[in-house]
Amino acid sequence: MNPEKLQTPFYRVKEKDLLYDINLLKEALTKNWGNYIMGYSVKTNSLPWLLVYLKEQGFYAEVVSEMEYDIAKRMGYSDDRIVYNSPIKDRNVWEQVLLGGGYVNLDSSYELLWMEEICEMYPDKVFKVGLRVNCDIGALCPEEQLVEEEGGRFGYCYENGKLKEAIDHIEKLSNAKVAGLHLHSSTQSRTVKVYGALAKMAVNIAREYALDLEFVDMGGGYFGGRDDKPNYLNYFEEIGKELRAYFDPKKTKIIAEPGVSLISRAMSFETTVLDIKDIRNRKFIVTDGSRVNLNPLVTRHVYPHHMVYGSDPTERVIEKNQWVCGSTCMEYDRLFEIVDDVALMPGDRIVYDTAGGYTMCLTPLFIHYFPAIWIEKIDGSLYQAREPWTNEEYMQKYHWEL
Ligand SMILES: *Cc1c(COP(=O)(O)O)cnc(C)c1O
């Protein structure tokens with residue numbers, strides 16, 4: 001089928017672009033370290049097709065909830081291919097992953113108590129866990145733009161001694177061991193430098209507390225899919241260089257847990273112009289996709305896109321201004337303004353590039369339900385990975401007897 005004929009709105013995932021970034025990650029990790037695990041952050045986009053695809057590519061599932069763990073299991077990930085993070089953990093999942101040989105990065109006070117319990121329950125087993133590190137990135141990299149000015153809220157704080165307390169707590173147990181450090185921290189500016197600083201932090205902590213680590217988990221938060229920004233090769237060159245100061249690739253693995261950097265190049269959101277409305281001195285372009293499909297948190301003002309005109313644009317008039325609007329009947333559902341450019345017409349397509357990474361899963365069920373998802377395979381064929389939701393799906397689990 002011709003993708004130009006598909007009913008809009010829909011998300012498209014291009015396998016070719018997805019493979020490009022997967023291979024870039026593999027190359028970066030192979031070249032710069034050699035001994036590694038690739039995790040995929042399920043929260044970023046839990047599309048079942050994608051989870052199966054990445055599993056076949058050798059990825060582990062990095063999960064942060066019971067639901068994510070469950071879907072990863074359903075998509076065929078075994079417990080030893082799970083990385084379990086987050087400060088809100090489910091006790092049963094936590095035990096299953098630990099007993100099944102997966103990776104667990106502790107992040108909370110209650111998990112230290114759970115460690116005492118599990119060690120007592122299984123005295124013949126040795127439980128190896130990672131600890132999520134909270135360190136002052138603002139102090140390490142003053143020019144870095146942080147996501148939150150007050151600093152991160154995850155992990156055990158290095159500076160005030162909480163991390164050391166957690167390490168001591170684990171090491172006191174006869175059948176538990178601190179086997180890894182987890183350094184995921186997302187910054188706004190995602191510079192290579194900040195990953196270098198985080199790797200150096202892992203080195204300093206391991207050295208200071210004499211840790212013998214099986215893994216250093218560098219987390220996610222990288223740029224990806226943008227040629228004007230650093231890529232995996234740049235990040236892991238820096239990380240490898242810093243880690244080598246203390247760690248040996250033969251003994252210590254790097255875990256990477258990318259999310260959006262792995263998939264954003266491959267994803268687009270495709271919409272159609274339905275109507276042109278002349279309101280006083282403005283032209284409003286009504287489309288069948290919405291800001292909620294692209295930016296439900298309504299924080300963005302830039303939407304990279306390209307047009308697929310339904311007829312020759314060189315034969316059209318130039319409009320002074322056109323406001324492209326979404327489909328939700330909310331005034332704020334306006335996407336971008338086109339200034340001094342070709343007049344849009346009903347039937348034209350507006351394709352939002354690098355769109356849908358996080359938002360496929362962040363999209364609310366507001367006025368319209370979840371749009372279709374199509375996979376464009378390497379050979380150009382199309383595969384429907386999600387049918388659009390209807391009331392059949394929406395009305396599940398509701399009750400309306402009076
Ligand atoms: C969200 C998250 C990731 C992935 O982040 P991206 O910015 O999508 O790469 C990786 N690890 C953890 C612990 C996360 O919370």
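Since this is a predicted model, take the numbers as computed values, not measurements. Index from 1, following the sequence.
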Enquirer: Side chains of E257 and S41: any donor to acceptor distance under 3.5 Å?
Expert: no
Enquirer: How would you list all residue pairs meeting salt bridge (Lys or Arg N to Asp or Glu O under 4.0 Å) that involve residues 198-221, not counting sequence neighbours?
Expert: K128-E214
Enquirer: Under the criterion ring pair (Phe, Tyr, Trp, His ring centres under 6.0 Å), I'd like the reasoning laid out for F223 against Y235: C-alpha separation, chi angles, the key distance, then a yes or no.
Expert: CA-CA 9 Å; F223 270 121; Y235 289 116; 7.3 Å; no
Enquirer: Would you tell me whether S109 and E111 have side-chain atoms, one donor and one acceptor, within less than 3.5 Å of each other?
Expert: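 The criterion, which ignores hydrogens and geometry beyond distance, is not satisfied for E111 and S109.
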Enquirer: Evaluate side chain to side chain contact (heavy atoms under 4.5 Å, CB included) for Y36 paired with K26, printing each intermediate quantity in order.
Expert: CA-CA 9 Å; Y36 62 86; K26 288 180 181 171; 4.1 Å; yes
Enquirer: Considering only heavy atoms from C-beta outward, does the side chain of Y103 approach that of V97 to under 4.5 Å?
Expert: no
Enquirer: Would you say the side-chain atoms of E62 and N85 include a donor-acceptor pair closer than 3.5 Å?
Expert: yes
Enquirer: Decide, yes or no, whether a salt bridge links R91 with E95 under the criterion of side-chain N to carboxylate O below 4.0 Å.
Expert: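 Salt bridge: yes.
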Enquirer: Does K377 count as lying over the ring of Y383, i.e. NZ or CZ under 6.0 Å from the six-ring centre, within 45 degrees of the axis?
Expert: yes
Enquirer: Cationic tip of K164 within the cone over Y209's six-membered ring, i.e. under 6.0 Å and within 45° of the normal?
Expert: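 Yes - K164 lies over the ring of Y209, closer than 6.0 Å to its centre and within 45° of its axis.
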Enquirer: Answer whether the closest heavy-atom distance between the side chains of Q384 and F10 falls below 4.5 Å.
Expert: no
Enquirer: May I have the step-by-step check of ring pair (Phe, Tyr, Trp, His ring centres under 6.0 Å) for Y369 and W389, ending in yes or no?
Expert: CA-CA 5 Å; Y369 302 150; W389 271 36; 7.5 Å; no
Enquirer: Does the distance from a Lys or Arg side-chain N to an Asp or Glu carboxylate O, for K162 and E159, drop under 4.0 Å?
Expert: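 So K162 does not pair with E159 through a salt bridge.
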Enquirer: Checking M267 against Y352 for the side chain to side chain contact (heavy atoms under 4.5 Å, CB included) test, could you report, in this order, the C-alpha distance in whole Å, the side-chain angles of both residues, the deciding distance, and whether it holds?
Expert: CA-CA 9 Å; M267 301 206 168; Y352 297 91; over 6 Å; no
Enquirer: Answer yes if the side chains of D288 and T8 hold a donor-acceptor pair under 3.5 Å, and no otherwise.
Expert: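 Side-chain D/A pair, D288 to T8: present.
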Enquirer: Using a strict threshold of under 4.0 Å (side-chain N to carboxylate O), is an ion pair present between R265 and D17?
Expert: no
Enquirer: Is R153 salt-bridged to D107, cutoff N-O under 4.0 Å?
Expert: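 No, no charged N to carboxylate O under 4.0 Å.
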Enquirer: Testing K16, R12, K14 for salt bridge (Lys or Arg N to Asp or Glu O under 4.0 Å) with E376, which one passes?
Expert: R12
Enquirer: For E143, I'd like to know if atom CD has over 12 heavy atoms of other residues, nucleotides or ligands within 6.0 Å.
Expert: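 Yes - once you tally the heavy atoms of other residues, nucleotides and ligands closer than 6.0 Å, there are more than 12.
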Enquirer: Quick one about R316 and S311 (side-chain donor to acceptor, distance below 3.5 Å, no hydrogens or angles considered), yes or no?
Expert: yes
Enquirer: Quick check: do I205 and L211 have side-chain heavy atoms less than 4.5 Å from each other?
Expert: yes
Enquirer: Which donor-acceptor pairs under 3.5 Å do the side chains of residues 295-303 make with protein atoms, sequence neighbours left out?
Expert:
residue, atom, partner, partner atom, Å
N295, OD1, T299, N, 2.9
N295, OD1, R300, N, 2.7
N295, OD1, Y303, OH, 3.2
N295, ND2, T299, OG1, 3.3
R300, NE, V302, O, 3.3
R300, NH2, V302, O, 3.3
Y303, OH, R291, NE, 3.0
Y303, OH, R300, O, 3.2

Enquirer: Let me check something: any side-chain donor-acceptor pairs from residues 46-55 under 3.5 Å, sequence neighbours excluded? List them with distances.
Expert:
residue, atom, partner, partner atom, Å
Y53, OH, E15, OE2, 2.9
K55, NZ, M75, O, 3.0

Enquirer: Within the 3.5 Å criterion, strictly below it, is a donor on E27 or T30 matched to an acceptor on the partner's side chain?
Expert: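 Per modelled atom types, E27 and T30 side chains form no pair under 3.5 Å.
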Enquirer: Take L99 and K125 through the side chain to side chain contact (heavy atoms under 4.5 Å, CB included) test and state the conclusion after the steps.
Expert: CA-CA 9 Å; L99 291 169; K125 282 193 186 301; 3.7 Å; yes
Enquirer: Should L106 and M115 be marked as a side chain to side chain contact (heavy atoms under 4.5 Å, CB included) after you check the CA-CA gap, both sets of side-chain angles, and the distance that decides it?
Expert: CA-CA 10 Å; L106 309 185; M115 284 301 292; 3.9 Å; yes
Enquirer: Taking the inter-plane angle between the rings of Y232 and F236 on a 0 to 90° scale, is it parallel (under 30°), tilted (30 to 60°) or perpendicular (over 60°)?
Expert: tilted
Enquirer: Can a donor-acceptor pair be found between the side chains of T363 and Y11 at a distance below 3.5 Å?
Expert: yes
